[in-house]
Peer 1: 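Quick one: structure below, then a few questions.
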There are 2 protein chains.
Amino acid sequence: MSKDHNYLTTLKERGYRITPQREMIIKTIARNPTHFTADEIHTKIQTRVHSLNIATVYRTLELLVEEGMVCRSDFGEGHIIYAPEDHGPHIHLVCRQCNQVIDADSTLAHSLKEKMQEKYQFALDLHHLAVFGLCSACQKGEEHHES
Amino acid sequence: MSKDHNYLTTLKERGYRITPQREMIIKTIARNPTHFTADEIHTKIQTRVHSLNIATVYRTLELLVEEGMVCRSDFGEGHIIYAPEDHGPHIHLVCRQCNQVIDADSTLAHSLKEKMQEKYQFALDLHHLAVFGLCSACQKGEEHHES
DNA sequence: TTTCTAGTTGCGAATATTTGCAGTAACGAT
DNA sequence: ATCGTTACTGCAAATATTCGCAACTAGAAA
Ligand SMILES: [Mn+2]
Ligand SMILES: [Mn+2]
Ligand SMILES: [Zn+2]
Ligand SMILES: [Zn+2]
């Protein structure tokens with residue numbers, strides 16, 4: 001059974017209505033293997049159908065996040081990206097200089113997660129965590145700086 | 001010598017002009033011991049003087065961040081906060097449920113930083129890092145959820 | 001003191017995202 | 001097949017932040 005079909009069936013089981021808008025959005029997401037923005041989804045659909053409002057895209061993505069089908073990462077600077085849940089949990093290393101995003105192994109943060117739970121009773125969410133810094137290329141180009 | 005005076009002198013030394021707007025903003029920040037938003041600074045000044053545009057506040061904060069006097073944390077959801085640099089480096093644990101922010105010891109992330117440098121040659125910035133999850137109170141109130 | 005000019009400001013517009021509200025339509029129940 | 005409830009949508013306005021541009025002025029130079 002295809003992924004979009006699964007999503008739609010699950011939503012219906014949970015009491016949500018299946019609208020043409022939701023169908024289009026979910027089918028577009030299911031075809032997409034990687035990260036995407038709300039606007040990318042909207043634009044892709046608009047090339048064929050014109051009657052889809054961007055607010056509906058945002059609301060549907062919000063729903064899919066709540067229902068655990070999509071995950072959302074906020075990269076700051078007003079840049080939010082989404083990914084299918086099966087894209088897998090990992091850390092996004094966002095370069096402050098060139099805006100490149102590196103997908104890093106989220107198990108590397110397990111010890112941090114444990115420490116936060118111990119010291120602050122805070123349950124750190126490692127699912128598509130975004131952290132900032134400098135990629136290797138940009139580190140090299142930063143020698144003209146006070147140490 | 002007071003902090004605001006230091007900031008102003010340093011800016012001038014580095015070739016920036018000291019305008020009344022920058023003076024007001026810097027004095028307001030220097031009096032503030034903790035985190036603040038651009039709007040809070042703007043509002044505080046507006047109660048006395050009316051001729052200060054919010055865009056100028058943002059631009060001045062951006063300048064102070066670049067010059068290393070203020071640091072900026074993006075908490076997502078369009079929520080940016082600033083703090084004086086001497087507020088000290090630490091991790092912000094942002095609760096997804098109640099939006100509470102806990103200041104956590106940033107040395108707890110040193111091993112993560114090392115791992116990221118080794119595996120991805122990425123220099124993680126631990127200065128006012130923001131990470132998301134659930135605080136202890138909100139963890140307790142989350143038992144009605146599929147495990 | 002006056003002049004000059006590049007750095008700075010205010011304003012309005014643009015950006016991405018969220019929200020209120022009135023109208024529409026999905027779908028369970030007749 | 002029709003109806004009624006209420007979840008959902010489109011639209012326009014609100015939000016926070018950024019940006020282009022014309023007007024202004026800090027501060028160096030004359
Ligand atoms: Mn990813
Ligand atoms: Mn802090
Ligand atoms: Zn980079
Ligand atoms: Zn909480």
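Chain letters run A, B, ... following the sequence lines, proteins first and then strands; every chain starts at 1. Worth knowing before you read on, the calculation uses all heavy atoms, side chains too, and leaves out hydrogens, waters and symmetry mates.
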Peer 1: Give me the bend of the helix from C:dT1-D:dA30 to C:dT30-D:dA1, using the axes of the five pairs at each end, rounded to 10°.
Peer 2: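 One end's axis against the other's: 10°.
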Peer 1: State which residues pass salt bridge (charged side-chain N to carboxylate O under 4.0 Å, His left out) with A:Lys3; sequence neighbours excluded, sorted by chain then number.
Peer 2: A:Asp86
Peer 1: Between B:His90 and B:His127 (judged by ring centroids, cut-off 6.0 Å), do the two rings come close enough to count as a pair?
Peer 2: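 No, too far apart.
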Peer 1: Quick one: side chain to side chain contact (heavy atoms under 4.5 Å, CB included) partners of B:Ser111, sequence neighbours excluded?
Peer 2: A:Ser111, A:Lys115, B:Lys115
Peer 1: Separation of B:Ile41 atom CD1 from D:dA16 atom P, in whole Å?
Peer 2: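 For the pair B:Ile41 CD1 and D:dA16 P, the rounded distance is 15 Å.
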Peer 1: Please enumerate all residues that pass side chain to side chain donor-acceptor pair (under 3.5 Å) together with A:Gln121, with sequence neighbours excluded.
Peer 2: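 A:Gln121 satisfies side chain to side chain donor-acceptor pair (under 3.5 Å) with no residue once adjacent residues are dropped.
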Peer 1: Keeping to residues at least two apart or across chains, list the salt bridge (charged side-chain N to carboxylate O under 4.0 Å, His left out) pairs with something in residues 47-60 of chain A.
Peer 2: none
Peer 1: Which residues pass the salt bridge (charged side-chain N to carboxylate O under 4.0 Å, His left out) test with A:Glu114, not counting sequence neighbours?
Peer 2: none
Peer 1: By side chain to side chain contact (heavy atoms under 4.5 Å, CB included), which residues pair with B:Thr34, not counting sequence neighbours?
Peer 2: B:Asn32, B:His87
Peer 1: Nearest whole Å is fine: how far is D:dT18 C1' from B:Glu66 CD?
Peer 2: 14 Å
Peer 1: Starting at atom CZ of B:Arg22, determine the distance to atom P of D:dT25, rounded to an integer number of angstrom.
Peer 2: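 Spelled out: CZ on B:Arg22 to P on D:dT25 is 15 Å.
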Peer 1: Just the rounded figure in Å: distance from C1' of D:dC11 to CG of A:Asn53.
Peer 2: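 Answer to the nearest Å: 7 Å.
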Peer 1: Who passes ring-ring contact (aromatic ring centres under 6.0 Å, His included) against B:Tyr120, sequence neighbours left out?
Peer 2: none
Peer 1: It should be established whether B:Gln21 places a side-chain nitrogen or oxygen under 4.0 Å from OP1 or OP2 of nucleotide D:dT25.
Peer 2: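 Answer no for this pair, as no side-chain N or O of B:Gln21 is under 4.0 Å from OP1 or OP2.
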Peer 1: Taking atom NE2 as the centre, does B:His110 end up with more than 12 heavy-atom neighbours from other residues, nucleotides or ligands that are less than 6.0 angstrom away?
Peer 2: yes
Peer 1: List, with names and distances, any nitrogen or oxygen atoms from the protein found under 3.5 Å away from nitrogen or oxygen atoms belonging to nucleotides 14-21 of chain C.
Peer 2:
from   : atom 1 : to      : atom 2 : distance (Å)
C:dA16 : O3'    : A:Gly78 : O      : 3.2
C:dT17 : OP1    : A:Ile80 : N      : 3.3
C:dT17 : OP2    : A:Tyr58 : OH     : 2.0
C:dT17 : O5'    : A:Tyr58 : OH     : 2.9
C:dT18 : OP1    : A:Arg72 : NH1    : 3.2
C:dG20 : O6     : A:Arg59 : NH1    : 3.3

Peer 1: Tell me: CG of B:Asp74 to P of D:dA16, nearest whole Å?
Peer 2: 14 Å
Peer 1: For B:Glu40 and D:dT15, what is the distance between atoms CD and P respectively, to the nearest whole Å?
Peer 2: 16 Å
Peer 1: Whole Å only: how far is the NE2 atom of A:His42 from the C1' atom of D:dC11?
Peer 2: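 It is 12 Å, rounded to the nearest whole Å.
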Peer 1: A:Asp103: which residues meet the salt bridge (charged side-chain N to carboxylate O under 4.0 Å, His left out) condition with it, sequence neighbours left out?
Peer 2: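 Checked A:Asp103 against salt bridge (charged side-chain N to carboxylate O under 4.0 Å, His left out); zero matches.
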Peer 1: Collect all protein-nucleotide pairs involving nucleotides 27-30 of chain D in which both atoms are nitrogen or oxygen and the distance is under 3.5 Å.
Peer 2:
from   : atom 1 : to      : atom 2 : distance (Å)
D:dG27 : OP1    : B:Ile18 : N      : 2.8

Peer 1: Name all residues meeting the salt bridge (charged side-chain N to carboxylate O under 4.0 Å, His left out) criterion together with A:Asp125; count only those two or more places apart in sequence or in a different chain, and write none if there are none.
Peer 2: B:Arg96
Peer 1: Write down the distance between CG (B:Leu61) and P (C:dT9), rounded to a whole number of angstrom.
Peer 2: 12 Å
